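Take a look at the structure set out below.
Every value quoted in this text rests on a predicted model; they were computed, and no experiment measured them. We name chains A, B, ... by the order of the sequence lines, and we start the count at 1 in each one. Scope of the values below: all heavy atoms of this structure, side chains included, with no hydrogens, waters or symmetry mates.
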Protein chains: 2
Amino acid sequence: MKKVTIHDIAKELNVSFSTVARALNDHPAISEATKKSVRETAQKLNYRQNKLASSLRSGHSNTIGVIVPSLDVSFFSSVVHGIEKIINENGYSILLYQSNESYESEKKGIETFLNSRVAGIIASVAKETTKYEHFSEIRRRRIPLLFFDRVVESLHVPSVTIDDHKGGFLATEHLIRQGYKRIVHITAKQTIGIFKERLRGYLDALKLYNLPVDESLILYGDFSLDFGRQCIRDLYLREVSFDAVFALEDFTAMGVLQQLLAYKVRVPEEVGVIGFANESFAALVTPGLSSIDQQTVPMGEAAAELFLKMLRSEDLYNNLPKRIVLDPSLIVRASTERLASS
Amino acid sequence: MKKVTIHDIAKELNVSFSTVARALNDHPAISEATKKSVRETAQKLNYRQNKLASSLRSGHSNTIGVIVPSLDVSFFSSVVHGIEKIINENGYSILLYQSNESYESEKKGIETFLNSRVAGIIASVAKETTKYEHFSEIRRRRIPLLFFDRVVESLHVPSVTIDDHKGGFLATEHLIRQGYKRIVHITAKQTIGIFKERLRGYLDALKLYNLPVDESLILYGDFSLDFGRQCIRDLYLREVSFDAVFALEDFTAMGVLQQLLAYKVRVPEEVGVIGFANESFAALVTPGLSSIDQQTVPMGEAAAELFLKMLRSEDLYNNLPKRIVLDPSLIVRASTERLASS
DNA sequence: TTGAAAGCGCTAACAC
DNA sequence: GTGTTAGCGCTTTCAA
């Protein structure tokens with residue numbers, strides 16, 4: 001199949017190729033009649049506009065780079081799902097990259113985006129990354145950049161995140177209102193921002209409801225399902241009394257749940273359990289695991305919409321960057337539903 | 001930041017711009033000394049090759065289009081994860097599109113790919129799609145096309161799928177070997193290829209082990225968690241005796257499991273349950289749900305590798321298309337583990 | 001309302 | 001080993 005260009009259409013119709021170009025771009029100065037015949041022969045010849053040429057010439061591209069740690073993590077694939085939806089509805093396409101949490105990959109991805117002359121970049125930073133030169137280069141080139149979930153604060157770039165403090169607060173408040181009094185919180189050993197925020201939410205809820213903060217109820221670890229199980233074993237070994245557990249994320253909460261059931265502890269009657277992230281399994285396990293929903297798809301949509309606004313505004317980096325902080329929501333399931341009304 | 005081109009580097013070094021181009025592309029006829037100085041000033045000036053220009057001129061692009069129904073389905077995001085990994089390691093980038101199971105979106109996605117002059121396309125067909133003109137256009141343009149999981153047989157295009165017949169067989173055989181004799185199979189009302197294959201596997205296993213095929217044990221429905229629950233209620237209502245259930249996918253199996261537990265039926269002692277897909281929740285529910293693993297990441301990797309071979313071969317559409325059929329694997333968990341040894 | 005001409009930044013054939 | 005030249009297929013001024 002020979003490659004068809006606007007010149008072929010022009011030859012066919014005996015007009016100049018620039019008339020054809022204008023007709024295809026729906027230029028106002030072209031008569032409806034010409035437009036019609038141009039479109040018809042374009043169709044007939046199976047013409048397809050070459051975006052490479054048009055982007056090169058015009059200096060405008062309609063692809064935007066999206067880089068995330070891994071699509072194999074449901075949080076990220078779900079956010080990308082939301083981003084792609086909105087981005088596509090607005091006529092852009094996405095160039096996708098996974099950093100696999102590696103700084104080198106992330107840098108390489110950004111370079112590819114820059115070389116491909118993307119219109120802008122949406123990113124969630126790799127865990128490993130501690131140098132941000134590749135991100136500041138984007139800024140220096142005046143290319144729109146937006147972070148979601150994992151943000152580099154020092155760059156002062158627009159971002160979309162969720163309010164982890166509020167999430168921690170909601171989870172804890174819910175347990176308190178269900179009548180639980182000695183609430184364990186499992187958090188991360190490392191001082192990762194989001195987990196510190198969830199812990200702050202936990203502490204603030206206790207304070208607000210005049211419950212004492214008991215340091216022996218705050219457990220620090222390498223979060224995982226196994227760590228959740230281990231926490232429960234330790235609490236029993238140490239004979240710490242408790243009647244509820246708020247775990248920093250659902251897998252850990254799941255471990256907690258499994259170990260409690262193994263010990264024949266009744267959930268939620270004797271001990272309530274709540275997680276964080278609202279993973280798909282939370283609704284399926286028995287008893288259903290209460291959790292905090294992170295609004296993944298809305299996060300992607302909000303990110304894409306804010307980003308489109310950035311693309312359209314001229315004074316991109318002049319005013320203060322906009323930060324959208326989404327509200328997490330409490331999902332109550334059987335694992336904490338001790339009272340009829342919450 | 002002014003845009004830097006090879007001309008700027010050339011001016012800086014008093015050489016011709018084509019020397020610069022060759023140096024940057026590591027052309028053998030350029031002296032090491034020139035290469036070095038060119039690379040240095042490129043770095044100094046913050047030069048970035050414009051891929052749009054180079055692809056336009058050379059006629060070769062290094063982006064490949066990937067279109068899937070939805071990234072919000074873990075199967076697809078996991079396969080895309082595998083594809084992206086291999087594709088990137090080989091210097092290509094992926095342009096991503098979701099069809100959301102819609103024919104119109106799928107068509108639009110393919111058109112965008114064609115306009116963007118992608119080097120090739122990897123696709124998993126939308127449910128809604130019944131016309132394949134957009135796919136045959138790809139072939140006509142001699143652009144490499146590969147299907148994974150959802151294939152258009154009539155197009156004779158390379159593909160990567162899993163052996164659903166074998167999956168159905170493995171699941172059923174496992175139940176038989178565990179001593180279950182009256183095995184229910186829940187399948188789809190619509191005659192979707194993969195589900196028909198799983199059913200065939202079920203029937204073949206029964207035959208091989210000389211178990212009778214009882215039509216009243218084969219249930220056709222609109223699969224979902226709720227349908228799984230309903231199946232169990234119906235079986236009890238109709239007083240059909242059975243001692244195991246093989247459901248066409250995990251969510252349905254989960255419904256089965258939940259309803260059995262609600263009826264205080266002991267799993268796996270009285271009834272064994274196995275699903276299909278090995279969703280992440282299968283390992284987390286109690287009892288753990290046995291399932292058939294679909295090799296999502298390997299599928300993505302195999303698809304990407306076969307695809308790269310296609311890109312490199314000249315006689316793309318001459319010989320018979322290669323079809324890779326991956327073996328599913330049996331994952332045994334508590335829901336079917338009635339005997340010590342399987 | 002349309003045409004002519006220049007050029008986006010690069011690759012690659014052809015010179016020397 | 002390096003320079004010259006001609007485009008890739010478009011967009012976009014300027015002129016008519």
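For Q49(A), counting side-chain heavy atoms from C-beta on, the closest listed nucleotide (dT4(D), dC10(D), dT11(C)) is dC10(D). Among dT12(D), dC10(D), dT2(D), the nucleotide with an atom closest to any side-chain atom of H7(A) is dC10(D). Here the side chain of R57(A) is nearest to one of dG1(D), dG7(D), dG9(D), namely dG9(D). Taking every side-chain heavy atom of L56(A) into account, dG9(C) is the closest of dG9(C), dC10(D), dC10(C). Minimum atom distance to the side chain of S31(A) is reached by dT2(C), of the listed dG3(C), dT2(C), dG3(D).
For dC8(D), neither phosphate oxygen OP1 nor OP2 lies less than 4.0 angstrom from any side-chain nitrogen or oxygen of N50(A). Under 4.0 angstrom from either OP1 or OP2 of dT11(C) there lies no side-chain N or O belonging to S58(B).
Remark: K131(A) does not engage E106(A) in a salt bridge, criterion side-chain N to carboxylate O under 4.0 Å. By the 4.0 Å N-to-carboxylate-O rule, K108(B) lies too far from E104(B) to be salt-bridged with it. Classification of K44(B) and E12(B) as a salt-bridged pair holds, one side-chain N sitting under 4.0 Å from a carboxylate O.
Counting atom types as modelled, S18(B) pairs a side-chain N or O with a base atom of dT4(D) as donor and acceptor under 3.5 Å.
Atom-to-atom distance recorded for N100(A):CG and E128(A):CD is 10.0 Å, nearest 0.5 angstrom.
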